[in-house]
Structure formats: structure tokens, C-alpha cells
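The structure under discussion appears below in the form of C-alpha cells.
None of these values were measured; they are calculated from a predicted model. Letters A, B, ... mirror the listed sequences (proteins, then strands); counts begin at 1.
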Protein chains: 2
Amino acid sequence: MKLSEFELDVMQIFWEKGTSSSPEVFKCIHEEKDVAYSTVKTIIDRLESKGAIVRKRIEGRAIYYAPMVEKSAITQELLPSFLKRFFNGKPSNLIAHLMKDEKLSQDDITYLETFLAKQKKKNKDEL
Amino acid sequence: MKLSEFELDVMQIFWEKGTSSSPEVFKCIHEEKDVAYSTVKTIIDRLESKGAIVRKRIEGRAIYYAPMVEKSAITQELLPSFLKRFFNGKPSNLIAHLMKDEKLSQDDITYLETFLAKQKKKNKDEL
DNA sequence: TTAGTTACTCTACATTTGTAGTAATTGACT
DNA sequence: AGTCAATTACTACAAATGTAGAGTAACTAA
């Protein structure tokens with residue numbers, strides 16, 4: 001499922017907050033970006049026609065939509081091309097880049113060390 | 001500098017091969033994707049007007065273009081939003097995801113362990 | 001029950017993107 | 001000099017995207 005930037009921003013809210021109405025989504029978006037209600041509503045309509053969200057229930061005159069595609073599914077679709085484009089398709093290149101550039105807390109480092117150790121063991125076991 | 005998908009694909013070639021002519025770029029793209037020469041040329045023209053590439057020299061009637069923006073600059077622009085959208089802005093989340101999902105070779109793991117150790121040391125020194 | 005407010009639906013439009021045809025130009029070869 | 005082939009330049013167009021106004025319907029409070 002191909003989603004535009006703005007559509008992705010709106011999905012972000014559905015993924016975070018779950019089932020929501022257009023006015024609710026608008027409020028969130030509006031805090032970050034100066035955009036009209038009808039603009040947001042248009043995006044929501046497009047997400048609906050793409051099947052990314054569905055009408056769940058109605059309260060008053062507000063329609064509540066629930067996300068249909070999972071965030072992980074979209075991640076799964078976009079990560080490979082991102083990886084390919086900017087890191088020669090090699091996860092380790094991206095990981096190295098992140099470890100270099102972004103600040104990792106001590107906790108992060110410990111967490112990742114554990115992860116790496118686990119991975120190492122798994123690799124060994126598979127031989 | 002905002003570049004479209006296709007523009008990014010073309011830049012990819014400039015980044016890999018350096019200064020190139022449209023026919024050369026076309027040959028590369030055409031191996032992967034069935035698209036007309038003029039389509040590729042249009043993208044090249046757009047990249048030029050965006051300032052992503054510049055005319056470097058002319059050979060025969062072929063114009064050779066050189067990349068003006070660096071891949072790292074574009075990476076720098078796109079990585080944060082990608083991170084924010086799909087991994088709550090936390091590099092460690094993306095790293096964990098990559099370590100889990102993508103297969104890392106033994107070499108990758110060793111490489112990353114070294115990296116992590118270095119990072120750990122740096123963190124300590126900064127205190 | 002009526003005015004006010006809220007939310008929806010519909011329509012519209014400029015810009016960007018993917019796609020390509022065609023015409024003009026210029027080198028190259030005889 | 002004249003023709004062929006390679007390239008460029010120009011133009012076009014449909015679809016997607018970001019943006020929003022206007023009109024309509026429906027709840028809400030007086």
C-alpha cells in the first residue's frame with residue numbers, strides 16, 4: 001500500500017491513538033502544522049478509499065475510523081528500499097551510521113550489546 | 001532538497017558512478033526498469049533545475065553531469081523523519097529491529113561489537 | 001423550534017511526479 | 001556536402017498530492 005507523506009503523518013496518529021474521529025486527528029495535526037480541517041479530512045477520505053482505515057462507529061455526527069494496515073507492514077515495505085538507497089542495502093551499514101551519528105544512551109548500548117550477543121549465539125547454533 | 005522516488009533512483013547512479021551522461025544513466029536505469037530514454041532525460045533535467053546535478057563537460061553531443069548534492073546530505077535529511085515515523089525517533093529501536101529482522105553475518109556482528117565498544121568508551125569519557 | 005455549532009460531503013485547483021512523443025541539432029562517416 | 005544516428009530540447013498529459021472553500025446535514029442548547 002503506497003501512502004504519501006501526509007497520509008503517513010495521519011496514519012501515525014491512528015497508530016498512536018487508535019480509533020479516532022476526523023476532528024480528533026485534526027486537532028493533533030493542527031498542533032504541528034497549520035492546515036485546514038478540510039485538508040485533513042480529505043486525507044482521511046483518501047486513506048479510507050485506499051483501505052488504510054475503516055469506519056468503525058458513529059458518535060453524534062462524528063465518524064470514528066480505525067487503522068486497518070499495521071505500522072509494521074508499512075515499515076516492512078519502506079525499510080528495504082530505504083536501506084538499499086542509502087546504505088547499499090546493508091543493515092550493518094545503517095546500524096553503524098546510527099551508532100556513530102545519533103546519541104545512544106548507556107542503556108541503549110547495554111540493550112544492544114545484549115542483542116548482539118544473542119544474535120552471535122544464534123548464528124553459531126545455526127551452523 | 002526534496003527529491004522524488006525516481007529522482008532518487010537517478011541520483012543513486014550519479015553517486016555510484018560519478019559524472020555521467022544521460023545515455024549512460026539511461027542504460028543503467030533501463031536494466032532495472034522498462035522506461036523510455038526521454039523519461040530518464042526528463043528526470044535528469046529536473047535534477048539539474050533543482051541543482052542536484054550540474055553540467056560538467058560536453059563530449060560529442062553528450063552532456064556530462066556531475067552530482068552536486070552528496071548522498072550523505074540526503075540521507076541526513078531523510079533518516080530523521082524515517083526514524084520518527086517508524087521507530088518513535090529512537091535510533092536504538094531501529095537498530096534493534098534491524099538486528100532482529102535482517103540477517104547479520106558473523107563479520108557484521110564483530111564489526112558492530114567493536115563499534116559499540118568504541119561508543120561506550122566515548123560515552124564514558126564524556127562524563 | 002430555532003439559532004448556533006460541528007462535522008460531513010463535494011468540488012476544485014495548483015503543483016509535483018511519472019511517463020513519453022516529436023522536433024531540432026549536431027557529430028560522424030562516406 | 002549529404003545522410004544517418006545519437007542526443008538534446010521542448011511539449012504534453014494523466015495521476016497523485018497538498019490544499020481548502022462552500023454547501024449541507026445534524027446535534028445541542030436555549
In terms of ring plane angle, is the pair A:F14 and A:Y65 parallel, tilted or perpendicular, where the classes change at 30° and 60°?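 A:F14 and A:Y65: perpendicular rings.
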
Whether B:Y37 and B:F26 hold their rings parallel, tilted or perpendicular, with breakpoints at 30° and 60°: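 If you compare the ring of B:Y37 with that of B:F26, the planes turn out perpendicular.
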
Does A:D9 form a salt bridge (charged side-chain N to carboxylate O under 4.0 Å, His left out) with A:K33? I'd like the steps, not just the answer. CA-CA 11 Å; A:D9 286 341; A:K33 192 180 175 187; 5.2 Å; no

In the structure I gave you, are the side-chain heavy atoms of A:F87 and A:I95 within less than 4.5 Å of one another anywhere?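 No - every pair of side-chain heavy atoms lies 4.5 Å or more apart.
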
Nearest-Å distance, [atom1] ([X]) to [atom2] ([N])?
X     : N      : atom1 : atom2 : answer
B:K41 : D:dA6  : NZ    : C1'   : 13 Å
B:E48 : D:dT8  : CD    : P     : 11 Å
A:I63 : C:dC10 : CD1   : C1'   : 14 Å
A:Y64 : C:dT6  : OH    : C1'   : 12 Å
A:D45 : D:dG18 : CG    : P     : 15 Å
A:M1  : D:dA16 : CE    : C1'   : 16 Å
B:I44 : D:dA9  : CD1   : C1'   : 13 Å

What parts of residues 75-84 of chain A reach DNA chain D, counting only heavy atoms under 4.0 Å away?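 The answer is none.
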
Rounded to the nearest 0.5 Å, what separates atom CH2 in A:W15 from atom CZ in B:R85?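 That separation rounds to 9.5 Å.
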
Could you list the donor-acceptor pairs under 3.5 angstrom formed by side chains in residues 39-53 of chain A, with sequence neighbours left out?
from  : atom 1 : to    : atom 2 : distance (Å)
A:K41 : NZ     : A:D45 : OD1    : 2.8
A:T42 : OG1    : A:S38 : O      : 2.8
A:E48 : OE1    : A:R55 : NE     : 3.4
A:E48 : OE1    : A:R55 : NH2    : 3.4
A:E48 : OE2    : A:R55 : NE     : 2.6
A:S49 : OG     : A:R46 : O      : 3.0
A:K50 : NZ     : A:K2  : O      : 2.9
A:K50 : NZ     : A:E7  : OE1    : 2.7
A:K50 : NZ     : A:E7  : OE2    : 3.3

For residues 22-32 of chain B, which residue pairs qualify under side-chain hydrogen bond (donor to acceptor under 3.5 Å, both in side chains), counting only residues two or more places apart or in two chains?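 Those involving residues 22-32 of chain B are B:E24-B:Y64.
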
Just to verify, what does B:R57 make a salt bridge (charged side-chain N to carboxylate O under 4.0 Å, His left out) with, not counting sequence neighbours?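 Listed in chain order: B:E59.
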
Among D:dT7, D:dA9, C:dT9, the one nearest B:Y37 by side-chain distance: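 Among the listed nucleotides, the one closest to the side chain of B:Y37 is D:dT7.
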
Residues in side chain to side chain donor-acceptor pair (under 3.5 Å) with A:E16, at least two apart?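 Testing A:E16 for side chain to side chain donor-acceptor pair (under 3.5 Å), a comparison that skips the adjacent residues, returns none.
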
Determine, for nucleotides 12-30 of chain C in 5'-to-3' order, which nucleotides have protein heavy atoms under 4.0 Å from the base (write B), from only the sugar-phosphate (write S), or from neither (write -). -----BBBBB----BS---

